[in-house]
Structure formats: C-alpha cells, structure tokens
Amino acid sequence: MEKRLVKKEEIEKQLQEIVALIEQVDAKMEQVIADVIEEQYAQNKEQLGHLEGRIAGVERRLDGGKGGTELRLSSKLYLV
C-alpha cells in the first residue's frame with residue numbers, strides 16, 4: 001500500500017511538472033505568434049508605403065503626360 005502512495009505522489013508531481021511545462025510552452029508560443037504578427041504587419045505597412053509611392057509616381061507621370069500633350073497641341077495652334 002505504501003508503494004502505491006509513493007507512486008501516486010510521484011505521478012502527481014510529474015503531472016504538475018508536465019502541466020507547468022505545457023503552460024510555459026503555451027506562453028512562449030503566444031509570444032512567438034504575437035512577434036510574427038507584428039513583424040508581418042510592419043513588413044506589410046512598409047510594402048504599402050512603397051506601393052503608394054510608386055502609384056504616386058505613375059500618377060505624376062500620367063498627369064505630366066496629359067499636360068504636356070495639351071500644351072503641344074495649343075502651341076501648334078498658335079503657330080498656324
């Protein structure tokens with residue numbers, strides 16, 4: 001009977017250690033996931049800024065092309 005009590009206490013102790021390790025792993029995983037999400041957010045924000053800059057450049061070129069075409073036509077009309 002005494003051996004059973006000792007085994008039961010050892011098993012309970014081991015189970016408590018396992019539960020503590022699982023909780024540590026869970027906390028670590030939550031931190032890793034949060035870090036990955038923050039890193040991905042920062043990368044996406046940086047890419048978005050880069051794309052917005054490229055779009056603004058394209059829009060400036062398109063606006064410049066329209067203005068240049070209009071000026072060329074009007075200047076030809078004045079020369080005639």
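In this chain, residues are counted from 1 in sequence order. Atom set for the values below is all heavy atoms of this structure, side chains included, hydrogens, waters and symmetry mates excluded.
- Distance check, rounded to the nearest 0.5 Å: CG of L15 to NZ of K8 gives 11.5 Å.
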Please assess E59 against I55 for the test side chain to side chain contact (heavy atoms under 4.5 Å, CB included), listing each intermediate value before the final yes or no. CA-CA 6 Å; E59 287 175 342; I55 289 171; 3.8 Å; yes

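- Between atom CG of residue L21 and atom CD of residue E23 there is a gap of 9.5 Å, rounded to the nearest 0.5 Å.
- Expressed to the nearest 0.5 Å, how far CD1 of I11 lies from CD1 of I18 amounts to 10.5 Å.
- Between the CD atom in Q16 and the NZ atom in K13 there is a gap of 9.5 Å [rounded to 0.5 Å].
- Heavy atoms from other residues, nucleotides or ligands lying under 6.0 Å from CD of E46 number 12 at most.
- Proximity of L48 to E52: side-chain heavy atoms (C-beta onward) are separated by under 4.5 Å at one or more points.
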